[in-house]
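Below, all heavy atoms of this structure are taken into account, side chains as well, without hydrogens, waters or symmetry copies.
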Amino acid sequence: MALVDYDASSDEETAVGPAPTMSSMQIVLAPTVGPQGHLNGERQIHPSTKELFYNPTVQELYAPQLGPANPTSKKRMEHKNVLTGYVEEGEVSAFQFENQRRTFDTFGYAMDPSVDYGAGNHVIGDLSKAKSMKGESVATARNVRPGDKRKRLPRGDAADIESFAGPWAGYEDDVLSAKPSEEQMAELEKRAEEKQAKTSQDVDVSEARKEESLKSKTILHIPENQLYDYQGRSYMHPPTVEGVTYEAPERCFLPKKCIHTWSPGHTKGVSAIRFFPNSGHLLLSAGLDAKIKLWEVYGKRRLIRTFIGHKKAVRDINFNADGTKFASASYDNYVRVWDTETGECLNLLTIDRVPYCVKFHPTEQHLVVAGTKNKKIICWDLNTEQVVQEYDRHLGPVNTITFVDGGKRMVTTSDDKSIRVWEWNIPVDTKVIAEPSMHSMPCVAVNPTGKFMCCQSLDNKIVTYGAGGRFRPNQKKTFKGHMTAGYACNVGFSADGKYVISGDGEGFLYVFDWRTTKIFKKIKAHDNVCIDVQWNPCTTSQVATCSWDGTIKYWD
């Protein structure tokens, strides 16, 4: 059979020659074929056509659109809610789907969503389990408890006031008994005896501990005949010293050299020193050997008295306003109040945790405030030795307590790297200063003017805040150059407020200029950490320093 070209026509007058051979045969892979509609006599109308120049038939107008859709068209992309196309929500809600999934995971069966509930078996999975569970899901199935089917007693008639129980009607199987059984009574008596024995034992231990702690003593190191002068005044009265007026000087100068070292002193390091208020003729020192010593500042500079009572190292000491008493905080969890003249322990205050700082209220001298390791600030009344107030807002151990505005407000710092301001006797802080760049501030000193306070920061800086109003930080008064990271080195002011002094982790004494914040003087004071510095309030250039090497030095 001969193959002819599709373009050939029977009307053409061509001679039919002999059959072509296989070498001259041609195969057309893509012949020209018209659309099916065209062969049927239907004309295709493009959807975008707006004007026709012929009368189309109804079939042509309503014919379905042929050809593939454009995959990149905007209208098609608008309806996609997933990467591969558009997903329609099923008839099953999200709750029912999750409920059936959990039911299948828990019980081993679930409802078949493709089968109507009225059309035979609609459960897939463990049919026996489904039959025993009665087709319940995890949302509806629950264990039957013994008391679930208890019957209530009748509520009664509301007209009968005496017998009406209403919604408070009990159950039929309730057992009402106002007296315990014999077994319960025996158990209660046994527990009461054990509790009483334990309480009596705890009382005995606490009493013994308190009696042992109250065994404080004092050692007088000067002859008794020198204890009083010819007018009957003790060492509490400031002595007459040439050139000392016992008034705050108008102008101060830099200390230059060490003029005295108090010895023999503490057998271990010294943690804190304090000058006698207003006059500064006595110096009180607290040591890591659990002893407190009182020294003369003028004259022979002798050791006057030693106070013994604490069992562990003394952390902090502070005088009251007139110096007749002082309080000490120790690592033995006790705060003691001592008589400065007689050496007697007047009060013993117990705490659950270590007290880190202690101070008298500036106006109410019978109140003592201590900051503790358990994030609390506790206030005692010395007349009753009872806790009268607790301030519990810090998130770390309380390091310092500073009174401002004449005792009306209190500023505290803590290891939580924050400063909190309190109204006195109100246990809610009125202001919290906490910034991400702040560090812990273990020591605070108030300027003699009372307008500023300097805080020793553990990032080797002394930062300044306003001591009133909004307590804003003073960025221009930042003192740098010393090393205090890891050490609670104290900071102080000169009597005129012109100089700022600070200890150092390497044993140096630094003197800064308050106006320019520059270092005026750097003195190698001790071989170990210079932990505390105090400027004598009644002299122009005398500074006392103490260190963990156990020495106390006096500079002028």
Side-chain angles (χ1 to χ4, degrees), residues 215-229 234-236 238-239 241 255 257-276 279-319 323 326-332 336 338-345 487-490 503-504 506-509 523-536 539 542-556:
K215 292 179 181 178
S216 60
K217 62 178 181 178
T218 180
I219 302 175
L220 185 65
H221 298 278
I222 59 176
E224 293 185 1
N225 56 359
Q226 299 181 10
L227 189 59
Y228 300 96
D229 59 4
S234 67
Y235 56 80
M236 299 286 291
V241 181
K257 62 180 180 178
C258 178
I259 60 175
H260 184 72
T261 300
W262 279 282
S263 63
H266 295 273
T267 57
K268 295 183 180 180
V270 183
S271 58
I273 53 176
R274 298 289 184 270
F275 278 107
F276 195 85
S279 62
H281 70 285
L282 297 175
L283 181 68
L284 190 68
S285 64
L288 301 180
D289 55 359
K291 296 179 182 178
I292 304 170
K293 296 181 180 290
L294 189 65
W295 310 83
E296 286 181 339
V297 175
Y298 304 109
K300 298 180 180 180
R301 296 190 173 95
R302 300 170 295 177
L303 173 62
I304 299 177
R305 191 181 289 274
T306 300
F307 305 85
I308 302 174
H310 285 293
K311 303 301 179 184
K312 294 183 180 179
V314 182
R315 166 86 183 201
D316 191 23
I317 49 175
N318 264 302
F319 282 104
F326 70 89
S328 61
S330 171
Y331 286 97
D332 60 1
R336 289 176 178 265
W338 306 80
D339 189 295
T340 310
E341 184 174 2
T342 64
E344 180 185 359
C345 181
Y487 302 100
C489 300
N490 202 5
D504 178 76
E506 298 177 351
F508 288 95
L509 167 64
I523 303 173
K524 180 62 176 177
H526 298 275
D527 297 332
N528 208 326
V529 180
C530 182
I531 197 66
D532 200 355
V533 292
Q534 295 290 329
W535 196 296
N536 194 321
T539 59
Q542 294 180 357
V543 178
T545 62
C546 68
S547 171
W548 285 352
D549 59 9
T551 59
I552 305 172
K553 295 185 179 181
Y554 202 45
W555 303 82
D556 193 2

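Applying the salt bridge (Lys or Arg N to Asp or Glu O under 4.0 Å) criterion to Asp229, with sequence neighbours excluded, gives Arg233. Listed by chain and residue number, Ala286, Leu288 satisfy the side-chain contact (heavy atoms from CB on, under 4.5 Å) test with Ser271 (two or more places apart in sequence, or in another chain). Annotation: ring-ring contact (aromatic ring centres under 6.0 Å, His included) contacts of Phe275 (sequence neighbours excluded): none. The side-chain contact (heavy atoms from CB on, under 4.5 Å) check on Thr267 picks up Asp289, with sequence neighbours excluded. Take Ser279 and apply the side-chain hydrogen bond (donor to acceptor under 3.5 Å, both in side chains) test, not counting sequence neighbours, and it matches His281. Applying the ring-ring contact (aromatic ring centres under 6.0 Å, His included) criterion to His221, with sequence neighbours excluded, gives no partner residue. Remark: Glu224 engages Leu220 in a side-chain contact (heavy atoms from CB on, under 4.5 Å) (not counting sequence neighbours). A search for salt bridge (Lys or Arg N to Asp or Glu O under 4.0 Å) contacts involving Arg315 returns nothing, not counting sequence neighbours. Residues forming a side-chain contact (heavy atoms from CB on, under 4.5 Å) with Thr545 (at least two apart in sequence, or on another chain): Leu509, Ala525, His526, Cys530, Val533, Val543, Lys553, Trp555. Here Arg301 pairs with nothing under the side-chain hydrogen bond (donor to acceptor under 3.5 Å, both in side chains) rule; sequence neighbours left out. Every residue two or more places apart in sequence or in another chain was checked for a side-chain hydrogen bond (donor to acceptor under 3.5 Å, both in side chains) with Trp262, and none qualifies. Applying the ring-ring contact (aromatic ring centres under 6.0 Å, His included) rule to Tyr235 yields no partners; only residues at least two apart in sequence or on another chain are considered.
Panel note: side chain Arg274, backbone Leu283; no donor-acceptor pair is recorded below 3.5 Å. Here the side chain of Ser547 pairs a donor or acceptor atom with the backbone of Val529 at under 3.5 angstrom. In this structure, the side chain of Ser328 does not engage the main chain of Ile317 through any donor-acceptor pair within 3.5 Å.
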